[in-house]
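Below is one structure, written out as structure tokens; comments come after it.
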Amino acid sequence: MNAKELLILNFEEVRRRSIKVWKNISDDYLFWRPDADAMNCIEMIRHVLEGENIYHHIILHGGDLGDFESPLKTNPFNSIDDELKNAQPYREKFLKMIHGFTTKELDEMYITRKQLGQHRKLGDYLLRIAYHEAVHTGQLLDYLRTTKTARPKIWD
């Protein structure tokens with residue numbers, strides 16, 4: 001596998017495992033949060049799905065977020081299936097963008113976010129996007145443990 005194929009595989013595997021966790025959250029716990037300052041379950045799922053679209057915009061604009069607002073932002077929180085359905089067109093565009101990069105671009109293109117002091121190679125930046133989702137999936141696994149909800153087997 002080359003670098004691009006590994007990146008795509010990583011994005012697909014992280015999402016596959018995330019969905020296993022997300023679909024294990026019952027409707028009774030969609031709005032549960034461990035404390036007043038934490039995101040609830042469905043907010044965290046939206047955060048991940050919105051984040052991918054925001055990162056997509058950042059990459060397309062060389063690191064500049066500008067005044068971009070997520071098109072998912074104003075959607076009501078209904079269900080995990082709705083969140084996935086609403087985000088799917090943006091997911092497809094994001095993955096299509098990654099498929100379009102050359103190995104050279106992954107290594108030589110930089111994403112610079114001056115306001116955050118970030119300057120990263122595109123390949124590195126893409127890995128961090130998948131890591132962001134994985135971290136939040138881990139948080140949701142902890143939410144499930146805290147609520148004494150069975151956790152899905154994600155290490156297959």
Side-chain angles (χ1 to χ4, degrees), residues 1-23 25 29-143 154:
M1 282 189 180
N2 64 34
K4 182 169 59 173
E5 292 167 336
L6 285 169
L7 280 168
I8 297 287
L9 177 63
N10 190 48
F11 275 108
E12 289 172 347
E13 283 298 297
V14 168
R15 180 58 53 87
R16 182 179 68 81
R17 288 179 168 105
S18 293
I19 289 172
K20 276 184 156 188
V21 172
W22 298 347
K23 290 198 172 223
I25 301 167
Y29 285 109
L30 282 181
F31 296 94
W32 184 88
R33 66 182 79 230
D35 60 64
D37 295 326
M39 285 185 269
N40 67 38
C41 295
I42 200 163
E43 286 171 337
M44 194 174 302
I45 293 165
R46 167 84 57 89
H47 170 76
V48 166
L49 297 171
E50 274 186 323
E52 185 173 81
N53 191 31
I54 291 167
Y55 287 127
H56 184 191
H57 179 85
I58 289 167
I59 291 167
L60 290 175
H61 296 89
D64 183 25
L65 182 57
D67 60 357
F68 178 79
E69 285 199 28
S70 168
L72 303 175
K73 184 177 182 174
T74 58
N75 290 353
F77 290 107
N78 291 320
S79 70
I80 293 165
D81 286 338
D82 281 354
E83 293 296 318
L84 289 166
K85 183 181 88 179
N86 293 334
Q88 187 59 33
Y90 305 106
R91 171 77 171 179
E92 289 170 9
K93 288 177 186 176
F94 178 71
L95 292 175
K96 185 178 179 181
M97 175 190 66
I98 297 170
H99 278 286
F101 289 127
T102 64
T103 304
K104 185 176 180 177
E105 287 172 318
L106 294 172
D107 190 48
E108 294 180 5
M109 226 173 107
Y110 280 85
I111 303 300
T112 302
R113 300 198 60 207
K114 292 177 186 173
Q115 68 277 23
L116 299 178
Q118 293 177 347
H119 182 72
R120 304 264 187 259
K121 287 183 179 184
L122 176 60
D124 177 13
Y125 197 75
L126 289 167
L127 283 173
R128 290 166 189 266
I129 295 168
Y131 180 72
H132 173 257
E133 180 169 334
V135 165
H136 285 304
T137 298
Q139 285 180 290
L140 286 169
L141 281 168
D142 184 58
Y143 282 24
I154 60 169

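Atoms considered below: every heavy atom in the structure, side chains included; atoms not considered: hydrogens, waters and symmetry mates.
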Should Ile59 and Ile129 be marked as a side chain to side chain contact (heavy atoms under 4.5 Å, CB included) after you check the CA-CA gap, both sets of side-chain angles, and the distance that decides it? CA-CA 11 Å; Ile59 291 167; Ile129 295 168; 3.8 Å; yes
Could you walk me through whether Lys73 and Glu50 satisfy the salt bridge (charged side-chain N to carboxylate O under 4.0 Å, His left out) test, starting with their C-alpha distance in whole Å, then the side-chain angles of each, then the deciding distance to 0.1 Å, before giving a yes or no? CA-CA 8 Å; Lys73 184 177 182 174; Glu50 274 186 323; over 6 Å; no
Just so I know, are the side chains of [X] and [Y] near enough to count as touching, which here means a heavy-atom distance under 4.5 Å?
| X | Y | result |
| --- | --- | --- |
| Leu30 | Asn40 | no |
| Thr102 | Met109 | no |
| Ile45 | Leu140 | yes |
| Phe94 | Leu126 | yes |
| Glu52 | His56 | no |
| Tyr90 | Ser70 | no |
| Phe101 | Leu7 | no |

Any chance you could measure [X], atom [atom1], to [Y], atom [atom2], to the nearest 0.5 Å?
| X | Y | atom1 | atom2 | answer |
| --- | --- | --- | --- | --- |
| Arg91 | Arg15 | CZ | CZ | 4.0 Å |
| Ile111 | Arg128 | CD1 | CZ | 12.5 Å |
| Leu95 | Glu12 | CG | CD | 6.5 Å |
| Ile58 | Thr112 | CD1 | OG1 | 12.0 Å |
| Met97 | Tyr55 | CE | OH | 12.5 Å |
| Ile42 | Asn78 | CD1 | CG | 7.0 Å |

Over 60° means perpendicular and under 30° means parallel, so classify the ring planes of Tyr143 and Trp32, tilted if in between.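 Aromatic pair Trp32/Tyr143 classed perpendicular.
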Could you tell me which non-hydrogen atom of [X] sits nearest to which non-hydrogen atom of [Y], and how far apart they are?
| X | Y | value |
| --- | --- | --- |
| Thr103 | Ala3 | CG2-CB, 4.4 Å |
| Val14 | Ala134 | CG1-N, 4.0 Å |
| Leu65 | His57 | O-NE2, 3.3 Å |
| Asn10 | Ala130 | ND2-CB, 3.4 Å |

Looking at [Y], is its backbone amide N or carbonyl O close enough to the side chain of [X] to form a donor-acceptor pair, meaning the two atoms are under 3.5 Å apart?
| X | Y | result |
| --- | --- | --- |
| Lys121 | Leu106 | no |
| Glu5 | Asn2 | yes |
| His119 | Tyr110 | no |
| Arg17 | Ile154 | yes |

Within the supplied structure, the quantity of interest is the number of heavy atoms (other residues, nucleotides, ligands) at a distance under 6.0 Å from [X] [atom1]; does it exceed 12?
| X | atom1 | answer |
| --- | --- | --- |
| Tyr29 | OH | no |
| Asp67 | CG | no |
| Tyr131 | OH | no |

So, for Phe68 and His61, is the gap between ring centers shorter than 6.0 Å?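 No, ring centres 6.0 Å or more apart.
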Worked verdict on Met44 versus Trp22 for side chain to side chain contact (heavy atoms under 4.5 Å, CB included): CA-CA 10 Å; Met44 194 174 302; Trp22 298 347; over 6 Å; no
Mind checking what makes salt bridge (charged side-chain N to carboxylate O under 4.0 Å, His left out) contact with Glu43, not counting sequence neighbours?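 Listed in chain order: Arg33.
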Sort out for me which residue in His47, Arg46, Glu83 forms a side-chain contact (heavy atoms from CB on, under 4.5 Å) with Leu72.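 The side-chain contact (heavy atoms from CB on, under 4.5 Å) with Leu72 is passed solely by Arg46 among His47, Arg46, Glu83.
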Between Asp64 and Lys114 (salt bridge meaning N to carboxylate O under 4.0 Å), is one present in this structure?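 So Asp64 does not pair with Lys114 through a salt bridge.
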For His136 and Glu133, test the side chains for any donor-to-acceptor distance below 3.5 angstrom and give the result as yes or no.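 Glu133 and His136 do not have a side-chain donor-acceptor pair below 3.5 Å.
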Steps toward salt bridge (charged side-chain N to carboxylate O under 4.0 Å, His left out) verdict (Arg16, Glu13): CA-CA 5 Å; Arg16 182 179 68 81; Glu13 283 298 297; 2.7 Å; yes
